[in-house]
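In each ligand, atom 1 is the first atom listed, and ligand 1 is the first ligand listed. All residue numbers refer to positions in the sequence shown, counting from 1.
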Amino acid sequence: MSKVLLEIQGLRKQYGIVEVLKGVDCTMREGEVISIIGSSGSGKTTMLRCINMLEEFQGGRIRLENEDIGYEQAGGVRKRKSEKDIARQRALTGMAFQQFNLFPHMTAAQNIMLGLVKVKKMPRDQARSVAEKWLDRVGLASRADHYPGQLSGGQQQRVAIARAIAMAPRLMLFDEVTSALDPELVGEVLQVINGLAADGMSMLLVTHEMRFAYEVSSRVIFMNQGVICEEGAPKEMFVNPKTERLAEFLKTSSFN
Ligand SMILES: Nc1ncnc2c1ncn2[C@@H]1O[C@H](COP(=O)(O)OP(=O)(O)OP(=O)(O)O)[C@@H](O)[C@H]1O
Ligand SMILES: [Mg+2]
């Protein structure tokens with residue numbers, strides 16, 4: 001079995017007095033593709049944002065490659081790491097969102113090059129060839145010098161994914177990357193994710209595309225009201241749900 005990449009123990013997150021993650025436990029191995037499903041407000045996005053330290057969390061631990069993310073745990077005292085450490089740790093994960101968040105005044109290639117040059121301190125010509133390589137991989141070799149406004153939603157999302165992957169993260173986080181797309185553009189983005197999965201990229205993906213989750217995942221996690229309610233192989237989860245809640249959820253979802 002491959003080694004443990006991500007370990008989440010007792011993760012708790014509050015917004016004010018409202019607890020939205022109520023003790024999440026999850027272990028993920030290198031090369032796994034895990035889909036997170038669950039109804040709106042169950043805490044899926046919040047979980048991804050905690051892993052990426054876009055959100056602070058109040059309890060539990062997140063460990064990535066055996067390193068505590070965000071907080072030190074010394075002698076039972078919990079202390080936030082330095083901003084420098086957090087920035088370094090954030091670069092271990094790449095994230096793609098529902099909204100692509102490309103810079104509109106930069107071309108596809110420039111969007112991808114930005115982090116390589118600014119964060120990785122890569123020379124521009126080298127960054128350009130990395131950008132071109134990834135644009136080619138997502139089927140957009142001919143669009144390198146196009147601005148986001150000149151690209152379709154599906155193409156923009158593929159650039160956004162290429163931008164995250166180009167940074168060589170250890171773990172990719174996808175949050176409903178197809179939800180803002182017209183139905184005819186969903187397939188091309190899912191195909192890119194499929195390709196990354198085939199390459200052995202470790203991925204956590206929140207999705208409402210149940211058929212896709214079924215096909216691409218090595219494991220599926222069902223979240224409900226801030227906890228993992230059920231998890232297992234896609235086949236067990238979708239065909240033979242153990243909990244009433246998952247069975248109910250699947251009835252109202254697009255899987256059939
Ligand atoms: N910035 C915030 N301030 C206060 N509450 C928030 C904030 N962000 C999220 N929440 C609340 O936290 C809970 C979990 O939200 P989250 O976005 O993680 O859900 P989700 O499972 O991703 O839902 P969806 O499927 O709609 O994207 C919800 O009740 C939401 O209202
Ligand atoms: Mg969400």
Enquirer: Should Gly38 be counted as touching ligand 1, given the test is an N or O pair under 3.5 Å?
Expert: no
Enquirer: Can you tell me which residue and heavy atom of the protein come closest to atom 26 (O) of ligand 1, and the distance to 0.1 Å?
Expert: Ser40 OG, 2.6 Å
Enquirer: Salt bridge check: are Lys242 and Glu236 linked by an N-O gap of less than 4.0 Å?
Expert: yes
Enquirer: Are any of the side-chain nitrogens in Lys251 or Glu248 under 4.0 Å away from the carboxylate oxygens of its partner?
Expert: yes
Enquirer: Determine, counting only non-hydrogen atoms of the protein, whether one lies under 4.0 angstrom from atom 14 (C) of ligand 1.
Expert: yes
Enquirer: Short check: is a protein heavy atom less than 4.0 Å from atom 31 (O) of ligand 1?
Expert: no
Enquirer: Check each heavy atom of Glu176 against ligand 1 and say whether those closer than 4.0 Å belong to the side chain, the backbone, both or neither.
Expert: side chain
Enquirer: Is any N, O or S atom of Ser40 under 2.8 Å away from the Mg ion (ligand 2)?
Expert: no
Enquirer: Which of the atoms of ligand 1 are close to Ser42, meaning less than 4.0 Å from one of its heavy atoms?
Expert: 19 (O), 21 (O)
Enquirer: For Glu230 and Met223, indicate whether the former's side chain and the latter's backbone hold a donor-acceptor pair under 3.5 Å.
Expert: no
Enquirer: Take the angle between the ring planes of Phe222 and Phe249 and call it parallel below 30°, perpendicular above 60°, tilted in between.
Expert: tilted
Enquirer: Tell me which protein heavy atom sits closest to atom 10 (N) of ligand 1, plus the residue, atom name and distance to 0.1 Å.
Expert: Tyr15 CE1, 3.3 Å
Enquirer: What atoms in ligand 1 come closer than 4.0 Å to a heavy atom of Gly41?
Expert: 13 (C), 14 (C), 19 (O), 20 (P), 21 (O), 23 (O), 24 (P), 26 (O), 28 (C), 29 (O)
Enquirer: If you have a sec, work out which protein heavy atom is nearest atom 25 (O) of ligand 1 and how many Å separate them, to one decimal?
Expert: Lys44 NZ, 2.7 Å
Enquirer: Would you indicate whether the side-chain heavy atoms of Val33 and Leu205 approach each other to under 4.5 Å?
Expert: yes
Enquirer: Looking at Glu67 and Arg170, is any side-chain nitrogen of the basic one under 4.0 Å from a carboxylate oxygen of the acidic one?
Expert: no
Enquirer: Are any of the side-chain nitrogens in Arg88 or Asp85 under 4.0 Å away from the carboxylate oxygens of its partner?
Expert: yes
Enquirer: A side-chain contact here means heavy atoms from C-beta on lying under 4.5 Å apart; do Met201 and Pro169 qualify?
Expert: yes
Enquirer: Mark up the atoms of ligand 1 that fall under 4.0 Å of a heavy atom belonging to Thr46, in ascending order.
Expert: 14 (C), 15 (O), 16 (P), 18 (O)
Enquirer: Which bit of Val20 gets closer than 4.0 Å to ligand 1, counting heavy atoms only: side chain, backbone, both or neither?
Expert: side chain
Enquirer: Which heavy atom of the protein is the closest neighbour of atom 17 (O) of ligand 1, given with residue, atom name and distance?
Expert: Thr45 CB, 3.7 Å
Enquirer: Could you check whether any heavy atom of His208 sits closer than 4.0 Å to an atom of ligand 1, since that is the contact criterion I want to use?
Expert: yes
Enquirer: Side chain to side chain contact (heavy atoms under 4.5 Å, CB included) for Glu19 and Lys13? Distances and angles first, verdict last.
Expert: CA-CA 6 Å; Glu19 194 168 40; Lys13 161 77 188 166; over 6 Å; no
